[in-house]
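I'd like to ask you about the structure that follows.
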Amino acid sequence: MHGRPEVRLKETGSIYRKLGLQNIDFILLIIMIVLVAFGITMVFSASYYYSISTTDNPFSYLIKEIIAVIVGTACFIAGLVLDYRNYNNKTFVIVVLAIAVLLLILVLTPAGTTVNGASRWIDIKVTTLMPGEICKPALILFVAWFLGDNMRKVKSLVYGILPIAFVTLICAALIYKQPNLSTMITVCGIVVAMLLVAGMKWRWFFVIFILGVIGIACLIIFKHDSYQVTRILTFLDPFADEQGDGYQVVQSLLALGSGGPFGVGLGKSVQKTLYLPEPQNDFILAIIGEELGFIGILALMAVYCIFIWRGAKIALRAKDQFGMLLASGIVLMVAIQVLLNVAVVTSSMPATGINLPFISYGGNALMIFMFCTGVLLNISKHDIKSKENGEE
C-alpha cells in the first residue's frame with residue numbers, strides 16, 4: 001500500500017522526462033496561466049454590455065476569447081515541444097519573414113478590412129489575421145538568426161546594423177500605412193533593443209533615436225492633415241476635444257480616476273456600460289483600474305515583472321547565441337507592449353492601438369504570445385538539459 005504512491009510518482013516523473021517537462025521553468029508557466037485566466041475574466045467583465053449592444057449575447061466575446069485560448073494552448077504546446085534550434089535555419093527564416101511582409105502588403109489592398117479609418121485585418125472567413133502582430137515574432141526570429149551565428153556583426157554598421165535596419169524599415173513603413181503607429185513603434189523598439197542586447201554600440205543607438213525623432217517631426221510638418229498627426233495632437237490635450245478625437249482617452253482617464261486605490265469591484269465598472277468604446281480591447285487596463293483599483297494594476301504589473309524576470313533569466317542561461325537573442329526578443333516584445341499600453345491608456349502617448357499582452361481581447365495576439373511563451377520554455381528546457389549532460 002505504501003509503495004503505490006511512489007510508483008505513481010515515478011510513472012508521472014517518467015512521463016515528464018519523456019516530454020521534457022521536468023526541465024521547464026514552471027514559474028514562467030504558472031505566470032502565463034495566471035495572465036491568461038485573468039485575461040478571460042477581464043474580457044468577460046469589460047465586454048459584457050458592449051457584447052449585448054452589438055450581438056444581443058453577453059457571452060459572445062467570452063466565447064471567442066475561450067476559443068482563442070484553446071487554439072493558443074495548441075500553439076503553446078507546439079512552441080514547447082518543437083526544438084527551438086530548428087528555427088535557426090536560413091530557408092525557414094526567409095519564408096517566415098516573406099509571409100509576414102506579404103501579409104502586410106495584402107492588408108493594404110482590397111483584401112484588407114478597414115475599421116475606423118485603419119486597415120489592420122485580413123478576413124479569412126474563419127477568423128481574421130492581423131499582419132502587424134505576425135510581423136513582431138517574424139522580425140525577432142530574423143534578428144536572432146542574422147546575428148546568432150556571429151554576434152560581432154552587430155559592431156559593423158554595413159554588415160550588421162544596416163541589413164537589419166533595411167528589413168525593419170520595410171515592415172515599419174507598411175505598418176505605418178495601415179495606419180498603426182503603436183505597432184510600428186513596438187516593432188522598431190523590439191529590434192533596436194535586440195541590437196543593444198547583442199552588443200550594438202551606444203553611439204549607433206543615439207543616432208537611431210535622433211533619426212526617429214526627426215522622422216516624427218517630419219510626420220507632423222509634412223503630413224499635418226493625416227490621421228496619425230490628429231492622434232498625436234489629441235493625446236497632448238485630450239480634454240480639448242473630449243467629445244471628438246479625445247473621447248476614448250478621456251473615458252479611460254475617468255475610469256482610472258474613479259477606481260481609486262481599491263476599485264469599485266469586479267464587474268461594477270461604469271465606463272464599460274457603453275461609455276468607453278470597445279473596452280475589452282486596447283483600453284482594458286482602464287477597466288481593470290476602475291474595477292480593481294490602483295492596487296489591482298500594481299499587482300498585474302508585478303506579475304508582468306515576474307514574467308520578464310524569468311524570461312530574462314532564460315535568455316541569460318541560453319546555451320547558444322541564437323537562443324539568447326530569440327528569448328531576449330520575446331521578453332522585450334512583452335515588456336515594450338506593456339509599457340506602451342500603459343502609456344496609451346494614461347494618455348502619455350498617442351492612442352493608436354496596442355494590446356495588453358495576454359489580457360486584451362484578440363485571438364492573433366494571444367496565440368502569438370502563448371506560442372512565444374512555449375518557445376521560451378523550450379529554450380529553458382534545453383539549457384537545463386545541456387547542464388545535466390555536461391555540455392558547454
Item to check | Inter-residue atom distance L366.CG - C75.SG, 0.5 Å rounding | outcome: 9.0 Å
Next on the checklist: Checking side-chain polar atoms at under 3.5 Å, does Q248 have a donor or acceptor matched by the opposite partner on D282?
Outcome noted: no
Next on the checklist: Can you tell me if K155 has over 12 outside heavy atoms packed within less than 6.0 Å of its NZ?
Outcome noted: yes
Item to check | Minimal non-hydrogen separation, L325 against V143, with atom names | outcome: CD1-O, 4.3 Å
Checklist entry - Does one hydrophobic cluster hold both I67 and I359, with members joined at side-chain heavy-atom distances below 4.5 Å? => result yes
Checklist entry - Which ring pair (Phe, Tyr, Trp, His ring centres under 6.0 Å) pairs, counting each pair once, include a residue from residues 263-304, with sequence neighbours left out? => result none
Checklist entry - Is there a path from L102 to L104 through hydrophobic residues (I, L, V, M, F, W, Y) whose side chains come within less than 4.5 Å of each other? => result yes
Item to check | F371 vs P137 side-chain heavy atoms within contact, under 4.5 Å | outcome: no
Checklist entry - With a 4.5 Å heavy-atom cut-off, do L300 and L285 have their side chains touching? => result yes
Checklist outcome for this item: Sorted by chain and residue number, the side chain to side chain donor-acceptor pair (under 3.5 Å) partners of T168 (sequence neighbours excluded) come out as none
Checklist outcome for this item: Looking only at heavy atoms, the pair that brings E65 and S360 closest together is OE2-O, 4.0 Å
Item to check | Closest heavy-atom pair and its distance - L256, G289 | outcome: CD2-CA, 4.0 Å
Checklist outcome for this item: When every non-hydrogen atom of I354 is compared with those of N341, the smallest separation belongs to O-ND2, 2.7 Å
Next on the checklist: Using ring centroids (six-membered ring only for Trp), state whether F38 and F358 fall under 6.0 Å.
Outcome noted: no
Could you pull out every donor-acceptor pair under 3.5 Å between side chains of residues 192-203 and any protein atom, sequence neighbours left out?
none

Item to check | Step-by-step side-chain contact (heavy atoms from CB on, under 4.5 Å) determination, F307 to L376 | outcome: CA-CA 11 Å; F307 184 100; L376 267 179; 4.3 Å; yes
Checklist entry - Is S380 close to R317 at the side-chain level, that is, under 4.5 Å between some pair of heavy atoms? => result no
Next on the checklist: Is there a continuous path of hydrophobic side-chain contacts, each under 4.5 Å between heavy atoms, that joins V264 to I288?
Outcome noted: no
Next on the checklist: Suppose the criterion is ring pair (Phe, Tyr, Trp, His ring centres under 6.0 Å): which pairs have a residue in residues 69-112, not counting sequence neighbours?
Outcome noted: Y84-H382, Y87-F92
Checklist entry - Can you find a heavy atom in the side chain of N89 that is under 4.5 Å from one in the side chain of V93? => result no
Item to check | CG on L62 to CD1 on I40, rounded to 0.5 Å | outcome: 7.5 Å
Item to check | Full working for side chain to side chain donor-acceptor pair (under 3.5 Å) between T183 and N180 | outcome: CA-CA 6 Å; T183 300; N180 195 341; 2.9 Å; yes
Checklist entry - Stepwise, does the side-chain contact (heavy atoms from CB on, under 4.5 Å) test hold for V344 with S182? => result CA-CA 9 Å; V344 166; S182 293; 4.2 Å; yes
Checklist outcome for this item: To the nearest 0.5 Å, atom CG of L103 lies from atom CG of L108 at 11.0 Å
Item to check | Y61: which of Y50, Y49, F44 passes ring pair (Phe, Tyr, Trp, His ring centres under 6.0 Å) | outcome: Y50
Checklist entry - E290 and S269: side chain to side chain donor-acceptor pair (under 3.5 Å), yes or no, with the steps? => result CA-CA 6 Å; E290 184 179 7; S269 165; 2.6 Å; yes
Checklist entry - Does the cation-pi check pass for K153 over F146, that is, NZ or CZ under 6.0 Å from the six-membered ring centre and within 45° of its axis? => result yes
Item to check | Nearest heavy-atom neighbours spanning A111 and L106 | outcome: CB-O, 3.8 Å
Checklist entry - From I308 CD1 over to L28 CG, what is the distance, rounded to the nearest 0.5 angstrom? => result 11.0 Å
Next on the checklist: One pair to check against side chain to side chain donor-acceptor pair (under 3.5 Å): D149 and Q321. What are the steps and the verdict?
Outcome noted: CA-CA 7 Å; D149 63 333; Q321 294 176 344; over 6 Å; no
Item to check | Note, I330 side chain near F369 side chain (heavy atom, < 4.5 Å) | outcome: no
Next on the checklist: Per the salt bridge (Lys or Arg N to Asp or Glu O under 4.0 Å) rule, what does the pair list look like for residues 252-263, sequence neighbours excluded?
Outcome noted: none
Next on the checklist: Go through it in stages, so that I can follow the logic: the residues are K64 and Q280, the test is side-chain contact (heavy atoms from CB on, under 4.5 Å), and I'd like the CA-CA distance, side-chain angles, deciding distance and then a yes or no.
Outcome noted: CA-CA 12 Å; K64 291 177 183 178; Q280 71 279 358; over 6 Å; no
Checklist entry - Cluster question for you: counting only ILVMFWY and a side-chain heavy-atom cut-off of under 4.5 Å, with indirect links fine, are F26 and V375 together? => result yes
Item to check | Side-chain donor or acceptor of S51 paired with backbone N/O of N57 under 3.5 Å | outcome: yes
Checklist entry - Just how far is it from atom CZ of R120 to atom CG of L129, taken to the nearest 0.5 Å? => result 16.0 Å
Next on the checklist: So does M130 get a backbone contact from the side chain of N364, meaning a donor-acceptor N/O pair under 3.5 Å?
Outcome noted: yes
Checklist entry - V303 versus L35: any side-chain heavy-atom pair under 4.5 Å? => result yes
Item to check | Any donor-acceptor pair under 3.5 Å from S347 side chain to A343 backbone | outcome: no
Item to check | Point-to-point distance, once rounded to the nearest 0.5 Å, from OG of S328 to CG of L332 | outcome: 6.0 Å
Next on the checklist: For a 4.5 angstrom cut-off between non-hydrogen side-chain atoms, does N281 reach N355?
Outcome noted: no
Checklist entry - Taking 4.0 angstrom as the limit, do E291 and K272 come out as a salt bridge? => result yes
Item to check | Minimum heavy-atom distance A318-G323, with the two atoms named | outcome: CB-C, 3.7 Å
Item to check | Close side-chain approach of V338 to M301, heavy-atom, < 4.5 Å | outcome: yes
Next on the checklist: Starting from L266, can I reach I297 by hopping between I/L/V/M/F/W/Y residues whose side chains sit under 4.5 Å apart?
Outcome noted: yes
Checklist entry - Checking side-chain contact (heavy atoms from CB on, under 4.5 Å) for the pair F142/I164: CA distance, chi angles, key distance, verdict? => result CA-CA 8 Å; F142 168 72; I164 293 175; 4.2 Å; yes
Next on the checklist: Does anything in residues 293-316 form a salt bridge (Lys or Arg N to Asp or Glu O under 4.0 Å)? List the pairs, not counting sequence neighbours.
Outcome noted: D25-R310
